[in-house]
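Encoded as structure tokens, the structure appears first; notes follow it.
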Amino acid sequence: MPKDIEKTLTNRARNFIWDNEGKSQVSLDILCAPIDEGGKNMMHLTHRNDAIELMWLKGLLKPEQERPPWAFFANALIAKYVKPAPTVHPTVKINLFLQSWKPLTRKLPPSLQRIIKAAKTYHVKWDACIIPPQVAQQLPIWFHIGANQNLNKLNNYYYANCLRDKHNVRTVGDIEAITSPMPQGHLNKKECECDRCNK
């Protein structure tokens with residue numbers, strides 16, 4: 001819900017409760033508190049709208065096979081508007097919450113701006129006490145959320161193009177496979193014609 005509408009509805013609700021007798025001397029939080037705690041049990045529109053935005057965010061964060069159709073379009077829009085620095089290659093923009101690149105939120109539709117704002121407000125992030133190896137291998141390798149600043153500089157290093165474009169490296173699992181022992185006959189050159197380099 002747009003903020004101006006939220007503010008208008010909240011003011012009308014407060015005026016109704018106080019029968020238009022001027023400015024309320026009771027805070028909104030107290031008015032929205034349960035009756036047994038001294039409140040009026042009025043619906044807190046800001047909190048309700050935040051909850052709605054977080055439910056939309058939940059759809060955006062679901063695994064790919066469970067994600068609603070709109071989320072694919074939302075991710076495409078978010079990936080389209082990325083901050084100019086550092087440079088992010090188009091093929092590695094996988095997920096805002098699984099990578100360290102940042103979007104230009106002001107260029108996004110208002111609905112997506114509100115979802116991202118709710119995520120920031122409530123500190124939504126990908127976190128786990130223990131990450132199983134099979135899950136870690138599916139994480140994007142480029143702009144990895146666990147990488148420090150020095151490692152992230154390598155995202156645009158000269159050999160990154162080869163890994164991205166020739167070897168199609170996208171995930172941690174991809175880079176693990178590529179760094180396993182090379183086959184006999186491999187040349188450490190761009191023109192290598194061994195089986196692995198020609199996949």
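- Put simply, the side chain of N41 never gets that close to the backbone of P34: no donor and acceptor are under 3.5 Å apart.
- No donor-acceptor pair under 3.5 Å is formed between the side chain of Q137 and the backbone N or O of T171.
- Counting non-hydrogen atoms of neighbouring residues, nucleotides and ligands closer than 6.0 angstrom, the CD atom of E64 reaches no more than 12 such neighbours.
- Note that R170 lies outside the cation-pi zone of W142, set by a 6.0 Å cut-off to the ring centre and a 45° limit from the axis.
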Let me have the donor-acceptor pairs involving side chains of residues 74-86, under 3.5 Å, with sequence neighbours excluded, atom names and distances please.
unit_1, atom_1, unit_2, atom_2, d
N75, ND2, A71, O, 3.4

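- Under the side chain to side chain contact (heavy atoms under 4.5 Å, CB included) criterion, D50 pairs with T46, Y122, sequence neighbours left out.
- In this structure, a donor-acceptor pair under 3.5 Å is present between the side chains of N161 and R164.
- Within a 6.0 Å radius of CE in M55, other residues, nucleotides and ligands contribute 12 heavy atoms or fewer.
- For H167 (side chain) and V169 (main-chain N/O), no donor-acceptor pair under 3.5 Å exists by modelled atom type.
- The aromatic rings of H44 and H47 lie parallel to each other, with less than 30° between the two planes, well short of the 60° mark.
- Using a 4.5 Å heavy-atom threshold, the side chains of I35 and K40 count as separate.
- Ionic pairing of E6 and K3 is present here: one or more N-O contacts between side-chain nitrogen and carboxylate oxygen are shorter than 4.0 angstrom.
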